[in-house]
2 protein chains.
Amino acid sequence: MDKRRRITLNDIARACGVSRATVSLVLRGSPLVHPETRRLVEAEMQRQGYVYNRAAANLRQRVSSAVALVINDLSNPFFAEFAAGVDEALGAKGYVTLLGSSNESPARQRQVLGSLMEHHPAGIILSPAESSMASDVALAIGRHTPLLVFNRQLTGDAEPGFEYDFLGLDNRAGTRAATARLIALGHRRIAFYGGHAGSSSCRERRIGYQEALREAGIAPDERWLIETAPTRLEANAHADALLALEPAPTAAVCYNDAVALGLMLGLVRLGRRPGEDFAVTGFDDIPEAAVGIPPLTTVSAAPRQRGRQAAELLLQRAASPSIPGRSVIVPVHLTERDSAPAPAS
Amino acid sequence: MDKRRRITLNDIARACGVSRATVSLVLRGSPLVHPETRRLVEAEMQRQGYVYNRAAANLRQRVSSAVALVINDLSNPFFAEFAAGVDEALGAKGYVTLLGSSNESPARQRQVLGSLMEHHPAGIILSPAESSMASDVALAIGRHTPLLVFNRQLTGDAEPGFEYDFLGLDNRAGTRAATARLIALGHRRIAFYGGHAGSSSCRERRIGYQEALREAGIAPDERWLIETAPTRLEANAHADALLALEPAPTAAVCYNDAVALGLMLGLVRLGRRPGEDFAVTGFDDIPEAAVGIPPLTTVSAAPRQRGRQAAELLLQRAASPSIPGRSVIVPVHLTERDSAPAPAS
DNA sequence: CTGAAAGCGCTTACAG
DNA sequence: CTGAAAGCGCTTACAG
């Protein structure tokens, strides 16, 4: 750190010939202090380049002005947008964001949570790594820090008394709408491509897909469920598994946009033309979905707005910790673009 | 906040019948304390669920364990990856990341910096909003907090005494290599597409491009310089300006990958086939460059590694503030994929 | 409207 | 090896 002593309240008080308490009142805009005194003090702070030490104030007041945000995968634009939304809303409310990224590793996530807890945040927003255990999270953050979990449910049960809010997307309705639309276009053999069946969001999205099939009188075929890690790279690599089916599907409902974009590239690599002779839908509506080639038909989840919403929910809970754990499921809607045409005659 | 009193060092000390000082020594693994006492204290901390209050410790020690990271555009994967790299490296060194995002607004940036300064970070990593003034930044953070600026130079001069480190890419060499490659493939009419001429990175990239043209005996045409905001959306919208030129260029060196991906979509919209009858190159090598359609020939900058590097540089300076402002320019290299073929005969 | 004193949860010399 | 006291930079009653 820098050697020079920092300017403190004391310096200002001494220079102005008033007490620390008076300067403190000026700082927080109290009406108690005489306008003339206020002007004097403010000028002196300006002159000396005083900068408030919020950590010291928070210590005394026993409050926190920080919220921890732990993200599983910042390189996925869906989560990057979410993070931007969280930070925006927290900043507007005077909170600062403590960032942590787990890179989808539950071990790293535990470590990151532990380190963030030492800063006694007012709350935690967690977009969990795949297959994070509720009991691990409970252990890391204890039962007194408000927690909001985003997007994926924690697996397993924590001890009773560990409560948290949940903000998720209506996964089932989303894939159901996408699948129904494909059926309406004339598709009959529709795969569900990508994601890990273990994750709550993947499970829910598969259910919506199967519901739409059954509703149309189509028997879901087990082999139409193809697992891949939820990344572009993995989705690209497994495209051949989809085309190897006999008879091959004519359409794929994908776990998310990253998977859909990867699959489309894989299809091109294998000589197919997604958007012309094969239909693909995504989930999330990340910014590049609209400007892909072809533009992606997908389920829109507005990640930046979700981030703002997550921040609101968390701060509400921090303000009244007595409310029991809530679960907010956000409606989503299908955005049609060009990647999902009718089946090639 | 929660009503219940937090467990403190005092509680542990009292429960164990030792002094606070002893518990403090246990906490920091001092060899001075008797092994038996240590075991006792540790067991008690476990039992009561004690969590260290790093803010209080930092206050007493007059140090900071936080570094502020201010990002201009988290929805650009280049910067999201950079942020992930910074957080990773800082976490490994025991620092926590204070996140702020400016959304490319200098006003918002000033506000965010001011709020982060109140947390007295050990240093600041700033990826500046477009056309941020050095004097504004100097005003917001003062002259005693180590600063590392990433990617873009600050415009204008600050008062003397305001020093900072700079980490940037070798922009000139990057676009020069891309342009030279296009020329080698047989292109003669090559545009420079996208970016704002006011930004230092755009200026440098244009220079590299013009150098390569001149070296090949091609006179750069003013009209080949087309400005757009550095986003997918804007790049897409202005594609017609490129094709309207007479005679039309056969290739475009783009300001960055976001612009290149947007331009390619715009070209498709206008009936062209990038990668077949038009050559496009990017800059950054964001993850989706490799899996675009066609895969993008681009200049690789390895943003996540740059993030780790930025964290290292900043912590070095924080450790020895006496070193004068350094400027580290990272070499980049051309990654050839399919988006830049030879000109259509 | 302003000041003197105590305290937030830690660490740091200084004794012993 | 352990304890008593002072202090980091603030805020909070309590007097006046």
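Here is the naming used below: chain letters follow the sequence lines, and residue numbers restart at 1 for every chain. All values reported here derive from a predicted model rather than from experimental measurement.
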- [ ] Please list residues of residues 52-59 of chain B whose heavy atoms come under 4.0 Å from any atom in DNA chain D, ordered by number; otherwise none.
- [x] B:Leu59
Open item on the list: Expected output is a numbered-order residue list: members of residues 37-48 of chain A with a heavy atom under 4.0 Å from any atom of DNA chain D. What is it?
Closed with: none
TODO: Taking salt bridge (charged side-chain N to carboxylate O under 4.0 Å, His left out) as the test, write out the residues that go with A:Arg60, two or more places apart.
DONE: none
Expected output: side-chain [X] to main-chain [Y] donor-acceptor under 3.5 Å:
X        : Y        : answer
A:Arg54  : B:Glu118 : no
A:His119 : B:Asn53  : no
B:Glu44  : B:Ile12  : no

Task: Passing candidate, side-chain hydrogen bond (donor to acceptor under 3.5 Å, both in side chains) with B:Asn72, options B:Glu104, B:Gln109, B:Glu130, B:Arg108 - done: B:Glu104
Ignoring the backbone of [X], work out which of [options] is nearest its side chain.
X       : options               : value
A:Arg62 : C:dT11, C:dC8, C:dT2  : C:dC8
B:Gln61 : C:dT12, C:dT2, D:dT12 : C:dT12
A:Val18 : C:dG3, C:dC10, D:dT2  : C:dG3

Task: Secondary structure of DNA chain C in dot-bracket form (Watson-Crick or G-U wobble, distances below 3.5 Å, | marking inter-strand pairs) - done: |||.||||||||.|||
Open item on the list: If you assign each of B:His120 and B:Pro35 to its closest nucleotide in DNA chain D, which residue comes earlier from the 5' end?
Closed with: B:Pro35
- [ ] Map B:His34 and B:Arg60 onto DNA chain D by nearest heavy atom, then report which one ends up closer to the 5' terminus.
- [x] B:His34
Task: Parallel, tilted or perpendicular: ring planes of B:Phe78 versus B:Phe150, cut at 30 and 60 degrees - done: parallel
Could you grab the distance from atom [atom1] of [X] to atom [atom2] of [Y], nearest 0.5 Å is fine?
X        : Y        : atom1 : atom2 : result
A:Arg306 : A:Glu81  : CZ    : CD    : 12.0 Å
B:Ser101 : B:Ile71  : OG    : CD1   : 8.5 Å
A:Leu314 : A:Tyr95  : CG    : OH    : 8.5 Å
B:Leu9   : B:Tyr50  : CG    : OH    : 4.0 Å
A:Asn151 : A:Gln153 : CG    : CD    : 10.0 Å

Open item on the list: If you count heavy atoms of other groups shown closer than 6.0 angstrom to CG of A:Asn10, is the number above 12?
Closed with: yes
Open item on the list: If you count every heavy atom of other residues, nucleotides or ligands that lies below 6.0 Å from A:Gln46 atom CD, does the total exceed 12?
Closed with: no
- [ ] Go through A:Leu148 and A:Arg317 one step at a time and tell me if the side chain to side chain contact (heavy atoms under 4.5 Å, CB included) criterion holds.
- [x] CA-CA 9 Å; A:Leu148 179 121; A:Arg317 162 161 297 275; over 6 Å; no
Task: Ring centroid separation A:Tyr164 to A:Phe166 under 6.0 Å - done: no
TODO: Give the rounded distance in Å between these two atoms: CG of A:Leu32 and P of D:dT11.
DONE: 14 Å
Open item on the list: Please report the distance, rounded to the nearest Å, between CZ in B:Arg28 and P in C:dC10.
Closed with: 11 Å
Task: Those residues of residues 7-17 of chain B lying under 4.0 Å from DNA chain C by at least one heavy atom - done: B:Thr8, B:Leu9
Open item on the list: Does D:dT12 have its OP1 or OP2 closer than 4.0 Å to a side-chain nitrogen or oxygen of A:Ser24?
Closed with: no
Open item on the list: When you measure from the side-chain N and O atoms of B:Arg20 to the phosphate of C:dC10, is any distance below 4.0 Å, counting only OP1 and OP2?
Closed with: no
Open item on the list: Counting C-beta onward and ignoring hydrogens, is there a side-chain heavy-atom pair between A:Thr8 and A:Arg20 closer than 4.5 Å?
Closed with: no
Nucleotide N/O of nucleotides 13-16 of chain D paired with protein N/O under 3.5 Å:
none

